[in-house]
Structure formats: C-alpha cells, structure tokens
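Beneath this line is the structure, given in structure tokens, with notes to follow.
Given the structure is predicted, the values throughout are model-derived calculations rather than measurements. Atoms within each ligand, like the ligands themselves, are counted from 1 in listed order.
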Amino acid sequence: MEESPEELQEGHLVSLNSPPNRFGRPKNDGEVSPNLFVANCGPAVGLSHDDIASVFCKFGELNGVYGADESGTRVIVSYSDLGSAQAAMMALHGQPCSELGGRSLYIRYSVLQPNPQDLLQAVDSRPWNCLAKRRVQHYGYEFCYDIRNVNTKRCLGELPSFLSPTLERISSCPAFKNADSIVLDQLTVNEYPPGVGLSPHIDTHSAFEDLIFSLSLAGPCIMEFRRYEDGAQLPRVASSTVTKVESPEDGSNFIRKAIYLPPRSLLLISGEARYAWHHYIPHHKIDKVNGRVIRRASRRVSFTLRKVRTGLCKCEYPQYCDSRK
Ligand SMILES: O=C(O)CCC(=O)C(=O)O
Ligand SMILES: [Fe+2]
C-alpha cells in the first residue's frame, strides 16, 4: 500500500550522514542552542539514529540526528527551536533512559559554527550590484542609497538559508540577550577592496530598529565612531580612549572612538552608538592598532543585519532622528 503524504510527514527527519554544518562547544557560559550534543548512545552501542530520534522527537520538531564524530557513541540532536532542546535537556540529561537500553545520557548544548568560507562562497555565487567604489548585495529588503532608506512595500523574500547558522549563533549568544526578541529581516553585504572605506553616517532611524549587527569576513578594518557636538551633553567615557579632534573635513568638533574589527568578528551597534554616533570606515590601506601596523591586504566583506522599522522611531536622540523632522 502506498503511504499518504500525511503519513510521511509524521515521520521524523533523520540523517545517518554527517551534519550539514559544524557544531561545537559553546564559547560562553550560559550559551544555549536548539542543538544538543548527546554522549553515551549511538550505533556503536546498538542504538540507531532512528531509535534516538524516536525518544527526542517527543520534545519537539527535529531537524535531524547526526553522528557527532567517528566514535559511534556521540550524536548531535538538532531541534528546530530552542524550547524543545531545553525541554529534552531537562528531562533526559544524566538520567538512565529506559527506551535507550537504560543508558544514562550525558547532554550539553552544542552551537552551530557558521563557516566563513560557506558565507563568502554563497555571496560570490550571486550577482553583486556595483557602486562607485564597492559592491553590494541586499536581501530581505533593498536599501536605496539615494533616499538612505528601504522600500518596505517591496519585500525581496526571506533571508537566504545560507545565513541560518549565523542567525542561530547570534540568537544563542547571551551577550545579545535582547536579540532573540527581534527578528532580523534585512541583510546588506558590502565588499570593500583594500583601501576603500565608508563615509561617516548614522543609519536612518526610521529605516531600521535599534540593533544593527555587522559580521566582518575576509579582511579586517577599523571602524571609527564619532559623536558630533550638538549642544547636548557629551557622553561620559574614559578619557584615555577618547580623542577630541578638529575634523579635517568640516571643521566641526567631535569626539571619536575607533574599534578594530578583525575577520570573523561580530559588531553590535545599539542604543546611543546606533542613534547618536556616526560610524565611519577610514579610506586607508594600512591601519594602526595599539601601535601595530595592520595592512588591509585583502578585501573585506561585511554582512550587516538589521530589522526594518515599520512605525516611527521613538529614540532619545531627536536631534539625529528623521522621524521627528
Ligand atoms: O561594513 C560595515 O561593517 C558597515 C556597513 C554600514 O555601516 C552600512 O551598510 O550602513
Ligand atoms: Fe551603517
């Protein structure tokens, strides 16, 4: 008899092959994830991935069960959401499991480690838009440089699947504890040749919500933050890290802080830094970082992730806010 599609959908998705992505131990205390590393079960002790899936699927929808390594006694159980992984962890960790031969399972969270080469290959295989000095790609919504805003009426579709490990990694990091409540829906990929930077700007308040993430890949850069004097109180910051300078471009006064962004680093711009400070990438081929000379030898490719704003911005910095004008 032929199985109906409904019956097929009820089965759990199990893969006997290696996982589609690399998994690793969380780097930060308290980091949680929808993926579990489960030791003391597997094909080498007579438990197939199917047997393991039939126990873990009681806690939520599974993406798959994969061999964690060659041992045959350690697996990755991947859920489609965090709550299911937490429920399975609570119920099964350290307990003898009668449905798995009475074996005691050792379980910890395991995080997806996005592979930078996969991300670069993915964007390099897609069409770039050429600007005067750099190339860009937009996903989710197009960013229009002439109006410095997005056209919210024209959605380009969901963010591409090659970004999923990166989004999962961001939402599982305790340092970004506000990030899991916002669903990032816009990606701009920038490719800067060596020596090309970005002029100072504040991302338009009405275009994007508070949190702006930027992942640096391939080469490094310096990002400078500038708070221009505008009559408002200057923020209190350690004097050793702040330089007050006369801007060579426009003669206005500002304070600045420069941050070195190495490849594979993720920058979060939020709050005052997002709403009141300009960010700027100097047009240099060589940067000085703590007295060391760092050459921008290769291109830098950045993935800037944001959430498109649908209402007015209600920030505390009306002097920089286009929603108040
Ligand atoms: O390249 C970056 O990290 C920043 C890009 C940026 O500031 C922007 O697209 O608004
Ligand atoms: Fe920006």
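In terms of protein heavy-atom proximity, atom 6 (C) of ligand 1 is closest to Leu198 CD2, 3.5 Å. Summary of contacts: the protein heavy atom closest to atom 3 (O) of ligand 1 is Ser214 OG, 2.7 Å. At the top of the distance list for atom 9 (O) of ligand 1, counting protein heavy atoms only, stands Asn190 ND2, 3.6 Å.
Contacts between Tyr192 and ligand 1 below 4.0 angstrom, taking non-hydrogen atoms only, involve the side chain exclusively. With a 4.0 Å cut-off on non-hydrogen atoms, Leu267 does not touch ligand 1 at all. Contact annotation for Leu261 and ligand 1: no heavy atom of the residue comes within less than 4.0 Å of the ligand.
Interface atoms of ligand 1 facing His279, defined by a heavy-atom separation under 4.0 Å, are 7 (O).
Side-chain atoms of Ser78 never come within 3.5 Å of backbone atoms of Asn35 as a donor-acceptor pair (strictly under, hydrogens ignored). Side-chain atoms of His138 never come within 3.5 Å of backbone atoms of Val136 as a donor-acceptor pair (strictly under, hydrogens ignored). His283 places a side-chain N or O within 3.5 Å of a backbone atom of Gly197 that can act as its donor or acceptor partner.
Restricting Asp203 to its N/O/S atoms, the shortest distance to the Fe ion (ligand 2) is reached by OD1. Sorting the N, O or S atoms of His201 by how far they are from the Fe ion (ligand 2) puts NE2 first.
Looking at Arg25 and Glu31, no side-chain N of the basic residue comes within less than 4.0 Å of a carboxylate O on the acidic one, giving no salt bridge.
Of the polar atoms of Thr188, none of the N or O atoms is found under 3.5 Å from an N or O of ligand 1, judged by distance alone. In terms of polar-atom proximity, defined here as any N/O pair under 3.5 Å, Asp203 does make such a contact with ligand 1.
The shortest non-hydrogen separation linking Asp210 to Arg309 is N-NH2, 4.2 Å.
Inspection of the Ser206 and Asp322 side chains reveals an N or O donor paired with an N or O acceptor under 3.5 Å. Remark: the Asp50 side chain and the Ser48 side chain contain no N/O donor-acceptor pair separated by less than 3.5 Å.
At least one heavy atom of Arg306 sits less than 4.0 Å from an atom of ligand 1.
A distance of 6.0 Å or more separates the ring centres of Tyr320 and His205.
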